[in-house]
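Take a look at the structure set out below.
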Amino acid sequence: MKRLIPIVIAALFATTTVAQDTAPDTTQTLFAPADMADLSEFRWKKRPVLVFADSEDDPAFIAQLEFLRAQPEELLERDVIVLTDTDPDARSPLRLEMRPRGFMLVLVGKDGGNKLRKPFPWSVREITRSIDKMPMRKREIRENKSSTQER
């Protein structure tokens with residue numbers, strides 16, 4: 001029995017370490033640069049939130065990223081991916097399509113349509129409320145409820 005206790009304790013520490021190592025990094029899965037030609041790769045999979053600014057030092061851009069980083073789990077639950085573009089000189093295809101003037105936040109639905117454009121930062125609560133009002137999100141919530149009730 002005395003030999004078994006150290007083995008059990010070692011096994012517990014080993015599984016805890018493995019679980020911590022395999023946990024996904026939410027900042028990598030939530031944030032990405034807006035360097036793609038279009039948003040077609042996200043259609044029916046993700047809800048892109050585009051954050052444009054003329055500089056990484058823009059106070060509105062900094063505030064928006066702080067809002068988004070404060071509650072990543074709320075955004076991940078709604079299949080959000082945040083795409084950032086702070087270089088107007090690069091004239092990226094998304095920047096040319098959206099035509100931001102300074103700071104701009106754009107919420108794009110899973111269907112690829114622009115759902116919201118704001119010239120100032122929005123909190124995660126405001127963004128998630130807008131998402132939760134979308135018909136597709138309402139259907140996702142209903143389907144999720146019905147699948148949990150069946151268990």
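Since we're looking at a predicted model, the values are computed, not measured.
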Original post:
Out of curiosity, Met136 CE to Trp44 CH2, how far, rounded to the nearest 0.5 Å?
Top reply: 4.0 Å

**OP:** Identify whether Leu76 and Ile141 are in the same connected component of the hydrophobic contact network (ILVMFWY, side-chain heavy atoms under 4.5 Å).
**Re:** no

**OP:** Might you point out which heavy atoms bring Leu68 and Leu30 nearest each other, and give the distance in Å?
**Re:** O-CD2, 4.3 Å

Original post:
What distance do Leu65 atom CG and Phe31 atom CZ have between them, rounded to the nearest 0.5 Å?
Top reply: 6.0 Å

Original post:
Taking all atoms of both residues into account, what is the closest heavy-atom pair of Lys115 and Gly109, and its distance?
Top reply: CG-N, 3.6 Å

Subject >> Nearest-0.5 Å distance, CG of residue Asp38 to CG of residue Leu94 >> reply: 7.5 Å

**OP:** Find the distance between CD1 (Ile81) and CZ (Arg47) and round it off to the nearest 0.5 Å.
**Re:** 13.5 Å

Subject >> salt bridge (Lys or Arg N to Asp or Glu O under 4.0 Å) contacts touching residues 127-137 (sequence neighbours left out) >> reply: Glu77-Arg137, Arg78-Asp132, Asp132-Arg137, Arg137-Glu140

Subject >> Heavy-atom closest pair, residues Leu83 and Pro33 >> reply: CD2-O, 4.0 Å

**OP:** Would you name the heavy atoms of Phe120 and Gln64 that are closest together and state the gap between them?
**Re:** O-OE1, 4.4 Å

**OP:** Indicate yes or no for a side-chain donor-acceptor contact from Arg117 to the backbone of Met98 under 3.5 Å, with no hydrogens or angles considered.
**Re:** yes

**OP:** Answer yes if Val82 and Leu107 sit in the same cluster of Ile, Leu, Val, Met, Phe, Trp and Tyr residues linked by side chain heavy atoms under 4.5 Å apart, and no otherwise.
**Re:** yes

Subject >> Which atom of Trp122 lies closest to which atom of Ser130, heavy atoms considered >> reply: CZ3-OG, 3.3 Å

**OP:** Look up atom NZ in Lys110 and atom NZ in Lys45, then write down how far apart they are to the nearest 0.5 Å.
**Re:** 11.0 Å

**OP:** Taking side chain to side chain donor-acceptor pair (under 3.5 Å) as the test, write out the residues that go with Ser92, two or more places apart.
**Re:** Asp85

Original post:
If you group Ile, Leu, Val, Met, Phe, Trp and Tyr by side-chain heavy-atom gaps below 4.5 Å, do Phe52 and Leu39 land in one group?
Top reply: yes

**OP:** Is it possible for you to say whether Leu116 and Val106 belong to one hydrophobic cluster, with membership spreading through side-chain heavy-atom contacts below 4.5 Å?
**Re:** no

Original post:
Would Leu105 and Ile131 show up in the same hydrophobic cluster when neighbours are defined by side-chain heavy atoms closer than 4.5 Å?
Top reply: yes

**OP:** Sort out for me which residue in Thr86, Asp58, Ile62 forms a side chain to side chain contact (heavy atoms under 4.5 Å, CB included) with Phe103.
**Re:** Asp58

**OP:** For residues Phe61 and Ala53, report the shortest heavy-atom separation together with the two atoms involved.
**Re:** CB-CB, 3.7 Å

